[in-house]
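Step one of this worksheet: look at the structure below.
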Amino acid sequence: MGQFRFITAGESHGKGLVTIVEGMVAGLSLEAEYINKELKRRQQGYGRGPRMEIEQDKVEIISGVRYGLTMGSPIALFIPNRDWQNWQEQLSITPLEKEAEPVTRPRPGHADLAGVTKYSLKDIRPIMERASARETAARVAAGAIAKRFLEELGIVIHSHTIAIGPVGCQPFAQGKLPQAISINWQQVEASPLRCADAELEKKMIAAIDRAKAEGDTLGGVFELIATAVPIGLGSHVSWERRLDGRIAQAIMNINAVKGVEIGAGFALAKIKGSQAHDVIEPNPPVIGKVSRSSERSEGEATKQSLPWHHATNYAGGIEGGISNGEEIIIKAAVKPIATLAKPLSSIDLRSGEVAKAHYERSDICVVPAAGVIGEAMLAIVLADACLEKFGGDNLKETLANYHNYQLSIGKN
Ligand SMILES: Cc1cc2nc3c(=O)[nH]c(=O)nc-3n(C[C@H](O)[C@H](O)[C@H](O)COP(=O)(O)O)c2cc1C
């Protein structure tokens, strides 16, 4: 990792979030509205708390873009926190005569206890402000730039919710892997849970309502699918260059994600090799006029130029740490939110006595939003891997390299 990098700063209730993105080529068209659309998608989803109604994120592009095109220089982004006005005392940058009441009852499942101990603090507030997933808005902004770049190569990334709590997670039958299904992405985008199955969605909504009524929360599973990914991203030659490892790290780094699967993942462990691997089949030779790559969409260019394909895609598009030309398919397990309206038992750090954990306004279920964050993180890894493979300082140069590569592998 390193061609395309980003760093974020900002507290959950501070003045705002800052992202600096480095390594994007010059000449990519980029507008704030494009980033805002992604930020809005992150804020939606049945089960979010009331804060989402306050925020409605809008990005300000501070640097790196001129006349709607990237300049190749670092792109600085600022997303103001609208809620900041209500938190100026708790998040004051200058010292105050009278500080806000400290938070002293760590929430099980959060960074609270390990954080205050590690940083030698008496107040949990600084830990919870940065451990909060508010920071993921900054990642989605960086991811939007990566997505915009990937679009130029014809690569598209989608996410959808496949389970909320116990609803939807079908245990795989012994010896059988799930079949690929075609997903209606328009339906997913219109769905409050980003779920492609309307019947399942009703049950998921009922489960979230029940959890809310009980003062509880729910996790779930989302899936990411990247289409038209060229063969050859990542490498088997060194551990840190493996694409599967890079993706797993990026997805596991999302707040509350506790499991990542590539392709059929854990189900592969239960079956035989003869059942698990994706058979390679030749493509029929293209007869007649061979269209020039400029006449085809990017996805078509990839598919048509290769003389073979895999019959199935249990590998999830990656073999030996290298993209194999099939769709990249990732699943992630999201744990239930740790801030509970009916708090779990904890201690008060001041007295050491048993106490109920701290509670403040919180989400009930965030799986759809986590999926959108997953899209951003996957886009960042794939943009980085594409820049590493195709190089270039200007988009034109990168695209020329990309097309030359496609032509060169088509000859094999
Ligand atoms: C989109 C999103 C929103 C979240 N909202 C909340 C929230 O409102 N309250 C909460 O306690 N945790 C929330 N979380 C989860 C915490 O950020 C996460 O559980 C915490 O960082 C500890 O989990 P970890 O062990 O994965 O870091 C959210 C996570 C995501 C992905």
Side-chain angles (χ1 to χ4, degrees), residues 8 10-13 17 38-57 79 81 83 87 103 105-119 124-143 159-161 163-165 192-194 208 211-212 215-224 248-260 330-344 346 356-378:
T8 74
E11 280 74 43
S12 182
H13 300 97
L17 296 162
E38 293 298 318
L39 292 176
K40 188 168 179 200
R41 292 175 71 237
R42 190 198 76 98
Q43 292 190 287
Q44 292 167 343
Y46 195 83
R48 301 304 301 275
R51 176 160 188 198
M52 289 309 113
E53 286 146 35
I54 307 172
E55 286 298 352
Q56 291 165 13
D57 289 330
I79 306 167
N81 284 334
D83 205 14
W87 287 78
V103 179
R105 291 168 288 124
R107 295 161 298 171
H110 243 293
D112 301 359
L113 183 58
V116 280
T117 309
K118 174 176 167 68
Y119 287 90
I124 298 168
R125 176 61 59 196
I127 304 301
M128 52 200 289
E129 284 294 316
R130 187 65 188 160
S132 155
R134 175 81 191 127
E135 185 266 348
T136 59
R139 297 197 215 178
V140 168
S159 68
H160 66 134
T161 300
I164 296 288
L193 274 180
R194 304 189 54 74
I208 293 172
K212 185 175 182 183
D216 221 323
T217 60
L218 280 179
V221 180
F222 67 82
E223 184 174 63
L224 300 169
Q249 188 196 17
I251 303 302
M252 188 65 103
N253 276 344
I254 299 170
N255 307 41
V257 167
K258 292 297 139 200
V260 180
I330 312 289
K331 288 187 191 61
V334 181
K335 74 180 185 183
I337 294 297
T339 308
L340 301 180
K342 260 196 203 156
L344 291 175
S346 181
K356 288 285 176 207
H358 175 76
Y359 175 74
E360 65 188 42
R361 180 185 66 186
S362 198
D363 296 319
I364 308 295
C365 179
V366 298
V367 180
V372 174
I373 302 159
E375 289 176 32
M377 294 308 291
L378 182 57

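What you see is a predicted model, and the numbers here were worked out from it, not measured in a lab. Atoms within each ligand, like the ligands themselves, are counted from 1 in listed order.
Interatomic distance, CE of Met128 versus CZ of Arg134, reported as 15.0 Å (0.5 Å rounding). Considering CD1 of Ile337 and OG of Ser362, their distance stands at 5.5 Å, rounded to 0.5 Å. Here the straight-line distance linking atom CG of Leu17 with atom CG of Asn81 works out to 5.0 Å at 0.5 Å rounding.
For atom 31 (C) of ligand 1, the closest non-hydrogen atom of the protein is Asn255 O, 3.4 Å. The protein atom (non-hydrogen) at minimum distance from atom 29 (C) of ligand 1 is Ala133 CB, 3.3 Å. The protein non-hydrogen atom at the shortest distance from atom 1 (C) of ligand 1 is Ile373 CD1, 3.7 Å. Of the protein's non-hydrogen atoms, the one nearest atom 5 (N) of ligand 1 is Asp363 OD2, 2.8 Å. For atom 14 (N) of ligand 1, the nearest protein heavy atom (residue, atom name, distance) is Ile337 CD1, 3.3 Å.
Close N/O approach between Ala256 and ligand 1 is found [any backbone or side-chain N/O within under 3.5 Å]. Considering backbone and side-chain N/O of Arg48, none are found under 3.5 Å from N/O of ligand 1. Residue Thr339 has at least one nitrogen or oxygen atom sitting less than 3.5 Å from a nitrogen or oxygen atom of ligand 1, judged on distance alone.
With hydrogens and angles disregarded, no donor-acceptor distance shorter than 3.5 Å links the side chain of Thr217 to the backbone of Pro336. Remark: the backbone N or O of Glu11 is not paired with any side-chain donor or acceptor of Glu129 at under 3.5 angstrom. In this structure a side-chain-to-backbone donor-acceptor pair under 3.5 Å is missing from Arg139 to Ile373. A donor-acceptor pair under 3.5 Å is formed between the side chain of Thr161 and the backbone N or O of Leu193.
Partners of Arg107 by salt bridge (Lys or Arg N to Asp or Glu O under 4.0 Å), not counting sequence neighbours, listed by chain and number: Asp112.
Taking each of His110, Arg134, Gln43 in turn, the one with a heavy atom nearest to atom 20 (C) of ligand 1 proves to be His110. The heavy atom nearest to atom 7 (C) of ligand 1, considering only Ser362, Ala114, Pro368, Ala370, is found in Ser362. Among Met128, Arg107, Glu135, Lys258, the residue whose heavy atom lies nearest to atom 24 (P) of ligand 1 is Lys258. With Ala131, Ala338, Gly109 as candidates, the residue nearest to atom 22 (C) of ligand 1 on a non-hydrogen basis is Gly109.
A donor atom on one side chain and an acceptor atom on the other are not found under 3.5 Å apart for Arg125 and Ser12.
Counting heavy atoms under 4.0 Å from ligand 1, residue Val334 does not touch it at all.
Every atom of ligand 1 with a heavy atom of Lys335 under 4.0 Å away is listed here by number and element: 19 (O), 22 (C), 23 (O), 24 (P), 25 (O).
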